[in-house]
Amino acid sequence: MRYDLSTVADRLGEAIALAERELQLEQAVYGLDARDELALQELLASHLAQHYEVAREVHYPSSAGAKRTHRMRCDLVLSAKGCPLKLDFAPATLFDNKQECPPSEALWLEVKAAYQFREGGIRHGGYGAQWRSAVVEDLRKMEAEPLIREAALVLVVFNESADILEKDLDLFETVLAQKEVLAGFRQVRSIPVLERIGHRLCTVALWPTIQR
């Protein structure tokens with residue numbers, strides 16, 4: 001394994017903790033839970049860029065040759081500092097970085113967000129579905145890629161308590177088993193957040209895929 005997922009989880013938790021601290025210092029009206037999935041991805045990518053090369057919205061290797069608009073994409077791809085990911089749609093030139101990272105040596109991350117409440121403190125009707133549909137499909141997508149050796153799902157969860165979080169994580173892993181999706185042991189980092197719409201906890205949970 002080229003990447004220590006415990007360290008990656010620590011970096012992701014740091015990103016959330018720092019952003020929450022800044023919002024509290026600003027006495028911001030809106031919290032992190034007001035940000036959509038794309039904004040949270042940008043937040044995490046910005047912090048990770050201090051420690052890794054980070055590529056956004058990268059096409060999956062197995063779809064090379066297809067129209068770029070038809071290719072599936074991965075949210076974040078990490079590689080060692082000074083060794084950016086080699087993009088398969090860019091033609092080779094004499095001036096290419098000789099230290100480019102091939103897909104098989106990068107860490108591929110799909111990032112999803114789930115919210116127990118929505119604005120106004122109303123329970124989010126799609127909270128459970130957020131854990132069971134697109135997330136499972138992302139894991140399947142990554143584990144089936146022959147040119148990817150290291151990949152993980154990152155789930156950013158906003159909810160009201162650690163007890164609910166633990167039940168939800170256990171339930172999610174039960175769903176993975178039922179759907180025969182292979183995933184390794186999870187890494188979890190939880191950060192208390194100022195309650196604005198019902199959320200008191202923001203958690204980053206990371207599951208490594210087990211490549212077939």
Side-chain angles (χ1 to χ4, degrees), residues 3-58 73-79 81 107-135 138-139 151-172 186-208:
Y3 301 89
D4 178 359
L5 294 187
S6 176
T7 300
V8 174
D10 287 342
R11 304 300 189 203
L12 295 169
E14 287 170 4
I16 297 296
L18 287 170
E20 173 64 18
R21 191 179 309 152
E22 289 174 2
L23 289 173
Q24 291 195 25
L25 287 173
E26 295 170 7
Q27 297 184 331
V29 175
Y30 297 102
L32 288 173
D33 49 5
R35 302 187 189 187
D36 63 13
E37 189 170 274
L38 182 58
L40 291 172
Q41 290 174 6
E42 291 172 350
L43 166 66
L44 298 178
S46 177
H47 185 75
L48 289 172
Q50 300 176 39
H51 308 282
Y52 308 93
E53 298 291 340
V54 181
R56 296 286 315 277
E57 297 292 326
V58 180
R73 293 177 295 180
C74 183
D75 298 320
L76 304 178
V77 182
L78 309 185
S79 56
K81 269 292 190 182
L107 176 61
W108 296 66
L109 302 176
E110 289 283 3
V111 181
K112 290 290 174 282
Y115 308 81
Q116 186 181 355
F117 298 97
R118 54 192 177 89
E119 190 173 352
I122 302 169
R123 288 187 179 272
H124 200 303
Y127 178 64
Q130 294 172 83
W131 293 72
R132 299 183 183 96
S133 54
V135 170
D138 278 343
L139 278 169
L153 167 73
V154 176
L155 189 59
V156 182
V157 187
F158 293 94
N159 62 17
E160 59 182 313
S161 71
D163 288 342
I164 290 176
L165 171 72
E166 192 62 31
K167 290 177 183 177
D168 287 339
L169 293 177
D170 289 342
L171 175 60
F172 177 62
R186 70 190 183 223
Q187 296 282 341
V188 179
R189 305 291 185 270
S190 293
I191 296 91
V193 296
L194 183 65
E195 191 275 322
R196 291 178 174 86
I197 61 173
H199 301 131
R200 295 182 175 85
L201 202 64
C202 177
T203 298
V204 177
L206 184 153
W207 286 267

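Numbering starts at 1 and runs along the sequence shown.
Considering every non-hydrogen atom in both Ala152 and Pro208, the closest pair reads CB-CA, 3.9 Å. Across Ser79 and Tyr3, no two heavy atoms sit closer than the pair CA-OH, 3.3 Å. In terms of heavy atoms, Leu165 sits closest to Leu201 at CD2-CD2, 4.1 Å. Taking both residues in full, the closest heavy atoms of Arg56 and Ala45 are given as CD-CB, 3.7 Å, listed atom of the first, atom of the second, then distance.
To the nearest 0.5 angstrom, Tyr115 atom OH is 9.5 Å from Leu32 atom CG. Taking CD from Gln187 and OG1 from Thr7, the interatomic distance works out to 9.0 Å, rounded to the nearest 0.5 Å. Note that SG of Cys202 and CZ of Arg189 are 13.5 Å apart. Values are rounded to the nearest 0.5 Å. Rounding to the nearest 0.5 angstrom, the gap separating the CD atom in Glu42 from the CG atom in Leu76 is 10.0 Å. Within the model, atoms CG of Leu155 and CG of Leu206 stand 10.0 Å from one another, a figure rounded to the nearest 0.5 Å. Taking CG from Leu153 and CZ from Arg186, the interatomic distance works out to 12.5 Å, rounded to the nearest 0.5 Å.
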**OP:** Kindly determine whether Thr203 and Val156 satisfy side chain to side chain contact (heavy atoms under 4.5 Å, CB included), including the steps that lead there.
**Re:** CA-CA 6 Å; Thr203 298; Val156 182; over 6 Å; no
Original post:
Please walk me through it: do Arg118 and Asp33 pass salt bridge (charged side-chain N to carboxylate O under 4.0 Å, His left out)?
Top reply: CA-CA 8 Å; Arg118 54 192 177 89; Asp33 49 5; over 6 Å; no
**OP:** Please step through side chain to side chain contact (heavy atoms under 4.5 Å, CB included) for the pair Phe158 and Leu40, ending with a clear verdict.
**Re:** CA-CA 12 Å; Phe158 293 94; Leu40 291 172; 3.8 Å; yes
**OP:** Starting from the C-alpha separation in whole Å, work towards a yes-or-no answer on side chain to side chain contact (heavy atoms under 4.5 Å, CB included) for Glu53 and Lys81.
**Re:** CA-CA 5 Å; Glu53 298 291 340; Lys81 269 292 190 182; 4.0 Å; yes
**OP:** Check step by step if side chain to side chain contact (heavy atoms under 4.5 Å, CB included) holds for Gln41 and Glu110.
**Re:** CA-CA 9 Å; Gln41 290 174 6; Glu110 289 283 3; over 6 Å; no
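Between Lys112 and Val154, the closest side-chain pair of non-hydrogen atoms is not below 4.5 Å. For the pair Trp207 and Leu5, the minimum side-chain heavy-atom distance is 4.5 Å or more. Between Val188 and Ser190 the shortest side-chain heavy-atom distance falls below 4.5 Å.
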Could you tabulate the donor-acceptor pairs under 3.5 Å formed by side-chain atoms of residues 12-23, not counting sequence neighbours?
{"residue": "Glu14", "atom": "OE1", "partner": "His47", "partner atom": "NE2", "Å": "3.1"}
{"residue": "Glu20", "atom": "OE2", "partner": "Gln24", "partner atom": "NE2", "Å": "2.6"}
{"residue": "Glu20", "atom": "OE2", "partner": "Leu194", "partner atom": "N", "Å": "2.9"}

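The aromatic ring centres of His199 and Phe117 sit less than 6.0 Å apart.
Arg200 places no side-chain N or O within donor-acceptor distance of the main-chain N or O of Ala162, the cut-off being under 3.5 Å. A donor-acceptor pair under 3.5 Å links the side-chain atoms of Asp75 to the main chain of Val111, judged by distance alone. Under a 3.5 Å cut-off, the side chain of Glu160 and the backbone N or O of Gly198 do not form any donor-acceptor pair. Proximity of a side-chain donor or acceptor of Arg196 to a complementary backbone N or O of Val29 within less than 3.5 Å is detected.
When Leu48, Leu78, Leu44, Val204 are each tested for a side chain to side chain contact (heavy atoms under 4.5 Å, CB included) with Arg11, only one passes: Leu48.
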